[in-house]
There are 2 protein chains.
Amino acid sequence: MENRADLGAMVMRLGRRILAMERPILAAHAISMWGYIVLTALHDRPMRTQAALAAGIGADKTRLIAVLDDLQRRELIEREPDPADRRVRLLRLTEAGRLLQQRIQADIRTAEDQLLGTLQESDRTALLTALAALHTEGPGI
Amino acid sequence: MENRADLGAMVMRLGRRILAMERPILAAHAISMWGYIVLTALHDRPMRTQAALAAGIGADKTRLIAVLDDLQRRELIEREPDPADRRVRLLRLTEAGRLLQQRIQADIRTAEDQLLGTLQESDRTALLTALAALHTEGPGI
DNA sequence: TATTGTTATACTCTATAACTATA
DNA sequence: TATAGTTATAGAGTATAACAATA
């Protein structure tokens, strides 16, 4: 593979292709990309502060506020002051939020599998192994 | 690989990691990301119109103008009206542009190989195969 | 009238700074 | 005084619309 395209160009192009694929799925569930990222982060585990959530998904804390407002209004997350330190907002999914995240993720997984289905089995598993090893730190999208 | 992270998240994170890796290399050569993309596109082959170049790298044509102005001012590209149709600007690299593109690409390749070196040989080649198959159409970055 | 390139404008996304409420 | 969250403001990047030159 001596004469290949730049890695960054290939990866970013693939990323945009996947994001374009996900956009209609998210729209069908009336949720933004950041909204879905937040639901997924909270699905993995609840958070004690909005700043921790922001850091965890690589977003600025000010950027999350409108997202959290919307999710809370739609009763997909709970967001209540910590009785022990009322500056802090405890964040967790509601049952509706948990179900919605699972539904969206299942739809996305279906689309991903369709895309990956164009690859040979061995390339597919190696791609996922390599991505899992390399993606590590960094923002949510 | 049933319980993996979303493919889009992993790919975009990796893409950002690679872009962050490339940024100091581009800065060392005093060239922007879009400038490098244009040099690389023209290195592959000259273009007959700016619109064709823009479409080829997935950029808006208006976005390229400042980039082309800069590259032309630094005599890295030639940009002359087509005698046969003077609305059109013929675009090609100068010798200096060709050399600079090669130097930057070599630096980037070195950094990429370092990153890929953390992978097993079989995963690495499969990753490149999969990326080459999947990235296909789409913007330059 | 249609097309290439250019300029001017508006819009979106994001980060920075200033504010409030708690501690 | 320091910190969590919020609001207001400014900046970068991008796309849209209007324009000039040429066909």
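It should be emphasised that the depicted structure is a prediction, and the values quoted were computed from it without experimental measurement.
Within the structure, salt bridge (Lys or Arg N to Asp or Glu O under 4.0 Å) pairs that include any residue of residues 118-134 of chain B comprise B:Glu121-B:Arg124 (at least two apart or interchain).
The distance between atom CE of B:Met33 and atom P of D:dA12, rounded to the nearest whole Å, is 18 Å. D:dG5 atom P lies 9 Å from atom CG of A:Leu90, rounded to whole Å. Computed from coordinates, the A:Leu68 CG to D:dA4 C1' distance equals 13 Å when rounded to whole Å. Here D:dT3 presents its P atom at 17 Å from CD of A:Gln50, a figure rounded to the nearest Å. With rounding to whole Å, B:Ile65 atom CD1 is found 14 Å from D:dA17 atom C1'. Between the P atom of C:dT9 and the CG atom of B:Asp60 lies a distance of 18 Å, rounded to the nearest Å. Taking atom CG of residue A:Leu64 and atom C1' of nucleotide D:dT7, one finds them 15 Å apart after rounding to whole Å.
One end of the helix from C:dT1-D:dA23 to C:dA23-D:dT1 points its axis 20° away from the other end's axis, with each axis taken from 5 pairs and the angle rounded to 10°.
The side-chain hydrogen bond (donor to acceptor under 3.5 Å, both in side chains) test applied to B:Thr49 returns no partner, not counting sequence neighbours. Legend: residues meeting side-chain hydrogen bond (donor to acceptor under 3.5 Å, both in side chains) with B:Asp44, ordered by chain and number and at least two apart, are absent. Partners of A:Thr94 under the side-chain hydrogen bond (donor to acceptor under 3.5 Å, both in side chains) rule, at least two apart in sequence or in another chain, do not exist in this structure. Applying the side-chain contact (heavy atoms from CB on, under 4.5 Å) test to A:Arg73 and every residue at least two apart in sequence or in another chain returns A:Asp69, A:Asp70. Annotation: side-chain contact (heavy atoms from CB on, under 4.5 Å) contacts of B:Ala28 (sequence neighbours excluded): none. Listed by chain and number, the residues in a side-chain contact (heavy atoms from CB on, under 4.5 Å) with B:Asp82 are B:Arg48, B:Ala84, B:Val88, B:Leu90 (sequence neighbours excluded).
Looking at heavy atoms from C-beta onward, A:Leu127 lies in side-chain contact with A:Leu116 at the 4.5 angstrom threshold. For the pair B:Gln50/B:Ile65, a side-chain contact is recorded, criterion being any heavy-atom separation below 4.5 Å from C-beta on.
Of the side-chain N and O atoms in B:Arg63, none sit less than 4.0 angstrom from OP1 or OP2 of C:dT7. Taking side-chain N and O atoms only, A:Trp34 has no distance below 4.0 Å to OP1 or OP2 of C:dC13.
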Heteroatom pairs (N/O) under 3.5 angstrom, protein to nucleotides 18-23 of chain C:
{"residue": "C:dA23", "atom": "OP1", "partner": "A:Arg86", "partner atom": "N", "Å": "3.1"}

